[in-house]
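Note that ligands are numbered from 1 as they come in the structure, with each ligand's atoms numbered from 1 the same way.
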Amino acid sequence: MNAEIRIFDTTLRDGEQSPGCSMNLEEKLKVAAQLEALGVDIIEAGFAIASEGDFEAVQAVAKAADRAIIASLARASRADIERAAQALKPARRPRIHTFIATSPLHMRVKLGKSPEEVLEAIRESVTLARNLVEDVEWSAEDATRSDPDFLARAIETAIRAGASTINLPDTVGYATPETYGALFRDMLNRVPNADRAIFSTHCHNDLGLAVANTLAAVMAGARQVESTVNGIGERAGNAAVEEIAMALRVRHDVLPFTTRIVSTEITRASRLVSAVTGMQVQPNKAIVGANAFAHESGIHQDGMLKDSSTYEIMTPESVGQGQTTLVLGKHSGRAAFRDKLESLGFSLSDNEFLDAFRRFKDLADAKKQVFDEDIIALVDDEVLRGHDRIQVAEVEVYCGTTGKARAIVTLMVEGEEKMAATKGSGPVDALFRAIREIVPHPAAHLQLYQVSAVTAGTDAQAEVSVVLAEDGRTARGVGAHTDTLVASARAYVNALNKLIVKRGRSALAA
Ligand code: KIV
Ligand code: ZN
């Protein structure tokens, strides 16, 4: 047995449903390109009917994709499925992913449908999708809390109507490896036409078991896994693609399966997703955390110096983590800077490059040593924020032990310069009040303000995360700069831009 496992990436759909996460079109295109470089087989680009922005994103990713199958999610309704098909028109290899809940709780409370009505909806929705595209995936939402007899009938119905992939999501992260593996074994055995479809996993991480459950299902016969970069997703997230891919590689002796994942692209994908979503990766996160290859204890360091396999089961290079290197200085020119960007995996347009180079020169003036991490933070901050409708132009802050802090802020609001000067109980308070005065958003409140240093040293760049909450929506922004207050202003404005996008989405959905 050495079966190939298809990787279905849902970073752009389920991942984007993470609290506070949202990506604009340019960001989604950048992530999609990196997902192809990472080697995923299927990219779920969005939920086409959810908003105009989602529709455009699915369409743009479908147009740009080179090799991957592009999927759009759709509920079991004509409008959803037709909208998905329309967005997928430019795709070389389109897939409609339609779903309906099959657990007694969801059918009764959420859908208000009887089991027979749900079977009829499956028949109709999959048949319609199959008339519009060749490749149809059907998901049994809340499969792990469904009655197995009913679930088997539902799967049989979906396959008979033309679904070639059957996904059994652990929607609420309730399964354990034993129960999830047993569910796949049971369904593969008892559904009469199971051999005409590929079975897929989709695990949420509410009990921290998403990856373990995924691997158990693979052992039981699943041949597609659904996952996200950094494990982002609804609530506690989805199974992390980097963990699944590396588990299959490192423990090939007991998990004899292969994927097309190019493991050296993992770190790049992780950093990009973290930058565009503002969701920082926890330092002790497996594979991609800052500490994943760090050794603190003397005994471990001694072992590592003698032979790295004493304390490392894979090399940092194998997941694309290079050594931290001193890179460029203030005398470095454009060619060296372009070279460095390429080696870090950035491909920038000419204008983006010029903006990044200008920021690099300022940084090299302010900071003696510029490391890879500095360049990554700078490019993430400068380039990925370039399309924001509101941008920070200038920031001046006066603070100290005498009197109230004062901030003077100038923003570019859709190309128009606007300024405000305000006082506050501290510099950050004054700064954020000034931004609120220029772009009023009285219903929003600051849910999180977090500062961390990109590298060591008092001249390090500060990376600031801000989360704004408004009417049940949350938006996360990030900003980086050697001046913590400038980074704070950038992060706040970045979150505000995302909140405005989310408001637009909710209005459309309503
Ligand atoms: O978790 C879930 O059930 C889902 C489905 C829509 C596939 O994301
Ligand atoms: Zn999900």
Short list, please: which atoms of ligand 1 are under 4.0 Å from a heavy atom of Glu141? 3 (O)
Geometry only, no angles: is Asp14 polar-contacting ligand 1 at N/O separations under 3.5 Å? yes
Which protein heavy atom lies closest to atom 3 (O) of ligand 1, and at what distance to 0.1 Å? Thr171 OG1, 2.7 Å
Against heavy atoms of Pro169, which atoms of ligand 1 measure under 4.0 Å? 2 (C), 3 (O)
Look at the aromatic rings of His97 and Phe8 and report parallel, tilted or perpendicular, splitting at 30° and 60°. perpendicular
If you measure from each heavy atom of Arg13 to ligand 1, is any distance below 4.0 Å? yes
Gap between atom CD of Gln17 and atom OG1 of Thr10 - 0.5 Å precision: 7.5 Å
Quick note on ligand 1: atoms under 4.0 Å from a heavy atom of His204 include exactly 1 (O)
Nearest to the Zn ion (ligand 2) - the N/O/S atom of His204, by atom name: NE2
Evaluate Glu156 against Arg153 for salt bridge (Lys or Arg N to Asp or Glu O under 4.0 Å), listing each step before the verdict. CA-CA 5 Å; Glu156 187 184 351; Arg153 287 178 66 205; over 6 Å; no
Contact partition for Glu226 relative to ligand 1, non-hydrogen atoms under 4.0 Å: neither
Check each heavy atom of His97 against ligand 1 and say whether those closer than 4.0 Å belong to the side chain, the backbone, both or neither. side chain
Assess the residue pair Glu243 and Lys285 against the criterion (salt bridge (Lys or Arg N to Asp or Glu O under 4.0 Å)); give the C-alpha distance rounded to whole Å, side-chain angles, the decisive distance to 0.1 Å, and a yes or no. CA-CA 10 Å; Glu243 295 178 22; Lys285 163 87 177 61; 2.4 Å; yes
Can you confirm if the aromatic rings of His106 and Phe150 lie within a centre distance of less than 6.0 Å? no
Verdict with reasoning, Arg249 to Ser263, per side chain to side chain contact (heavy atoms under 4.5 Å, CB included): CA-CA 9 Å; Arg249 184 157 311 182; Ser263 67; 3.0 Å; yes
To the nearest 0.5 Å, how far apart are OG1 in Thr259 and CG in Asp41? 8.0 Å
How close does the nearest protein non-hydrogen atom get to atom 4 (C) of ligand 1, and which residue and atom is it? His202 NE2, 3.5 Å
For the Zn ion (ligand 2), give me the closest N/O/S atom belonging to Asp14, just the atom name. OD2
Passes side chain to side chain contact (heavy atoms under 4.5 Å, CB included), Asp66 versus Arg92? Steps please. CA-CA 8 Å; Asp66 228 19; Arg92 277 187 208 104; 4.1 Å; yes
